[in-house]
Every structure is written in C-alpha cells, then in structure tokens.
Engineer: 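Mind looking over this structure? Questions follow.
Note that these values count all heavy atoms, side chains included, but never hydrogens, waters or copies made by symmetry. In this text the structure is predicted, and so the values were computed from the model without any measurement.
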Amino acid sequence: MNVKLVLALSLFAAYSVADAALIVQSGETIAFLGDSITYYGNSRPLGYIHLVMKGLESVGVKATAIPAGVGGQKSDQLLERLDRDVLSRNPQWMTLSCGVNDVYHAHIPGRKGVSIADYRRNVTEILDRCDAAGVKVLLMTPTMITEDLENEQNVELEDYCAWLRQVAAERKLPLADLNVVMRAEVVRRRTCEHDARNKLTWDGIHMTAEGDEMIASCLLAAMGVDREKEATIRRAWDAYRQGIIDNSNGRAVCAGDD
C-alpha cells in the first residue's frame with residue numbers, strides 16, 4: 001500500500017522560509033554521513049537519501065548522492081573516516097547525522113557511548129575539517145531512541161540536540177531538526193488511541209517508510225525547498241514508489257510498508 005505523506009505539509013510549514021533560495025544546485029554532490037539510519041536510508045529503495053534526491057530532481061535540481069552511512073557508528077567513528085569516505089570525494093555538501101549511538105550504546109552492556117563533552121569535540125572537528133576543505137554542512141539533530149518521550153535515553157539525547165541547534169545558529173549552518181519534529185508527531189499520536197502504535201520506526205530506532213519520509217521532508221525543507229513544492233514532491237515520490245512496487249511484483253520493499 002502507498003505510504004501517505006501525512007507529515008509533509010506540516011514539516012514544510014515548520015522549516016521553510018518564504019521565497020527561500022535552494023542551497024543545493026544542479027551538478028553538485030551531497031555526501032550523507034551517518035550511522036545505520038543513514039545506511040538504511042540508501043540501502044532501502046525507499047530510504048530517505050533516495051527520497052531527498054528524487055525530491056530535489058522534482059524541483060529541477062539534479063544533484064549526486066554519496067552514501068556514507070555505517071551501522072552502529074558514533075561521532076568518533078564518523079570523524080575517523082571523514083577524510084576517506086567524504087572529503088576525499090570532494091562533495092559540495094555533506095549532511096551530518098550522529099548522536100543516537102553516542103547515547104544508546106552507553107546503555108548496552110559491553111558497549112561504550114560518547115559523552116556530551118566528547119561528542120562536542122568530535123562534531124566540532126568534523127565541522128572544522130569540512131570548513132577547511134570547502135564542504136558545506138547541513139546538520140541533523142538525531143531522531144528519538146524509541147518512540148517514548150520519557151525514555152531515559154531520549155531525555156539524555158536532548159542535551160546533544162540542544163548543542164547542535166546552538167552550533168547551527170553560531171556557524172549559520174542549515175539545520176534539519178528531526179528530533180523536535182519526531183517528538184511532536186509522537187505527542188500528536190498520543191491523542192489518537194487508534195494511531196498510538198509506533199509508526200516512524202520499526203524497532204524503536206530504524207525508520208519505517210513513514211519515518212524515512214519524515215527525514216527526507218525535513219532535509220528538503222532545510223535545503224530551501226518551500227512548502228509550495230510539496231505537491232510536486234509528493235507526485236514524484238508516489239511515481240517513484242509505484243515504480244519500485246511494480247518492479248518488485250507488489251511485494252513490500254521497506255520495513256514499515258503495509
């Protein structure tokens with residue numbers, strides 16, 4: 001079944017600036033650096049990286065994606081492979097998504113998280129290296145860890161998100177505030193008992209098709225795609241999704257598809 005863009009209109013309203021210019025131009029390359037959420041955003045045909053690129057194409061921007069997501073990674077590991085996986089490929093843009101595992105792994109026996117102090121150092125060095133290389137960065141706040149607002153890890157994650165918002169403001173970087181949008185959607189669902197089950201993730205962390213659309217919508221809006229283009233992007237996503245379904249003989253192609 002087609003997954004509806006139930007969040008798109010509100011996301012574009014929340015993130016778009018009237019008459020904002022697109023910050024990504026045709027011919028440019030976008031690297032997507034992150035963890036397993038980013039990895040699945042490319043490995044699944046309906047992942048958010050594919051949706052972002054289709055969305056840009058639908059509004060006349062033909063860019064190229066460099067997928068750079070590796071499962072289980074934290075900010076220190078992203079920093080370690082930044083040169084190899086991103087800077088060596090000379091992109092014009094890079095989206096940075098990290099923080100979930102920095103917090104989550106601290107609560108898993110045998111694993112180690114990354115403190116907020118170390119996270120700040122790691123992300124600051126990533127941003128400094130990108131700046132030195134002439135790579136522009138679009139920051140993403142991390143998505144929730146389970147769709148439970150009172151979860152201890154989500155409470156802890158708020159400090160990481162708050163710091164990213166501060167850095168984005170100080171450095172004048174575009175920001176896709178995924179965490180605040182996801183939290184708002186979880187609150188909204190609480191008011192509808194029939195709609196209260198997890199919808200944005202299939203295991204509490206990794207995105208369903210609806211979750212990938214949430215991320216893609218936020219990223220496109222942060223790139224300057226205004227709300228008036230929402231219908232155009234919806235049609236492009238619907239056509240792309242239908243083509244995937246047709247090629248898979250009607251089988252579900254992404255976790256969370258009905």
Side-chain angles (χ1 to χ4, degrees), residues 15 17 20-43 47-53 55-57 59-102 114-143 160-179 215-216 218-225:
Y15 282 90
V17 177
L22 283 168
I23 60 176
V24 178
Q25 305 299 315
S26 289
E28 291 187 329
T29 301
I30 310 166
F32 294 84
L33 182 65
D35 51 29
S36 58
I37 296 172
T38 302
Y39 170 79
Y40 285 128
N42 177 69
S43 64
Y48 78 82
I49 293 176
H50 297 291
L51 297 180
V52 166
M53 303 313 290
L56 287 173
E57 184 178 354
V59 297
V61 176
K62 295 185 178 180
T64 302
I66 299 174
V70 175
Q73 292 208 327
K74 299 168 289 189
S75 58
D76 54 343
Q77 294 162 307
L78 269 58
L79 172 60
E80 186 277 330
R81 63 183 178 87
L82 175 67
D83 290 343
R84 181 181 70 248
D85 290 353
V86 175
L87 300 186
S88 66
R89 304 183 69 177
N90 301 310
Q92 283 71 45
W93 281 96
M94 183 190 82
T95 68
L96 177 60
S97 174
C98 64
V100 170
N101 291 323
D102 297 67
V114 174
S115 69
I116 183 64
D118 287 339
Y119 180 81
R120 289 173 177 170
R121 281 190 287 269
N122 294 335
V123 172
T124 296
E125 186 168 350
I126 289 173
L127 296 178
D128 287 345
R129 286 191 189 179
C130 286
D131 186 53
V135 178
K136 294 165 282 191
V137 178
L138 190 162
L139 285 173
M140 304 162 64
T141 56
T143 49
Y160 294 69
C161 295
W163 181 77
L164 287 174
R165 296 181 191 110
Q166 176 185 336
V167 168
E170 291 173 350
R171 292 186 178 235
K172 296 181 171 56
L173 301 177
L175 173 72
D177 202 339
L178 305 179
N179 191 271
I215 294 176
C218 286
L219 282 173
L220 287 168
M223 290 175 181
V225 179

Engineer: Examine distances only and state if a side-chain atom of Asp102 and a backbone atom of Lys74 form a donor-acceptor pair shorter than 3.5 Å.
Structural biologist: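 Judged by distance alone, no pair lies under 3.5 Å.
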Engineer: Could you tell me whether the side chain of Thr141 and the main chain of Cys161 form a donor-acceptor pair under 3.5 Å?
Structural biologist: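 Absent.
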Engineer: Checking the side chain of Arg165 only, and the main-chain atoms of Asp177 only, is there a donor and an acceptor separated by less than 3.5 Å?
Structural biologist: no
Engineer: I want to check something: taking the side chain as every heavy atom from C-beta on, are Leu164 and Pro142 in contact at a cut-off of under 4.5 Å?
Structural biologist: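 Yes. Closest side-chain heavy atoms under 4.5 Å.
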Engineer: Would you compute the distance between atom CE of Met53 and atom OG1 of Thr64 and round it to the nearest 0.5 angstrom?
Structural biologist: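 If I round to the nearest 0.5 Å, the distance is 6.0 Å.
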Engineer: Does the side chain of Leu87 reach to within under 4.5 Å of the side chain of Arg129, using non-hydrogen atoms?
Structural biologist: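 The answer is yes, as the side chains (C-beta and beyond) meet within the 4.5 Å cut-off.
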Engineer: Report the residues that fulfil side-chain contact (heavy atoms from CB on, under 4.5 Å) with Glu28, sequence neighbours left out, ordered by chain and then residue number.
Structural biologist: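 Glu28 satisfies side-chain contact (heavy atoms from CB on, under 4.5 Å) with Val24, Gln25, Gln92, Trp93, Lys136 only.
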Engineer: Any heavy-atom pair between the side chains of Val167 and Val123 that's under 4.5 Å?
Structural biologist: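 No. Closest side-chain heavy atoms not under 4.5 Å.
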Engineer: Would you say that Trp163 contacts Thr124 through its side chain, given a criterion of any heavy-atom pair below 4.5 Å between the two side chains?
Structural biologist: yes
Engineer: Any side-chain to backbone donor/acceptor pair from Ser26 onto Gly60? Under 3.5 Å, distance only.
Structural biologist: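 Answer holds: yes.
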Engineer: Are the side chains of Leu139 and Arg171 in contact, using a 4.5 Å heavy-atom criterion?
Structural biologist: no
Engineer: Does a side-chain N-to-carboxylate-O contact under 4.0 Å join Arg121 and Asp128?
Structural biologist: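 No, this pair does not count.
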Engineer: Applying the side-chain contact (heavy atoms from CB on, under 4.5 Å) criterion to Asn122, which one of Leu78, Leu127, Leu82, Leu79 satisfies it?
Structural biologist: Leu79
Engineer: Could you point out which residue of Asn42, Thr38, Thr95 forms a side-chain hydrogen bond (donor to acceptor under 3.5 Å, both in side chains) with Tyr48?
Structural biologist: Thr38
Engineer: Would Leu56 and Met223 count as a side-chain contact (heavy atoms from CB on, under 4.5 Å) if you check the C-alpha gap in whole Å, the side-chain angles of each, and the deciding distance to 0.1 Å?
Structural biologist: CA-CA 9 Å; Leu56 287 173; Met223 290 175 181; 4.1 Å; yes
Engineer: Between Tyr119 and Cys98, is there a donor-acceptor pair closer than 3.5 Å when you use the side chain of the first and the backbone of the second?
Structural biologist: yes
Engineer: Do Ile37 and Ile215 have side-chain heavy atoms sitting under 4.5 Å apart?
Structural biologist: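 When only atoms from C-beta onward are counted, Ile215 and Ile37 do touch, with a gap below 4.5 Å.
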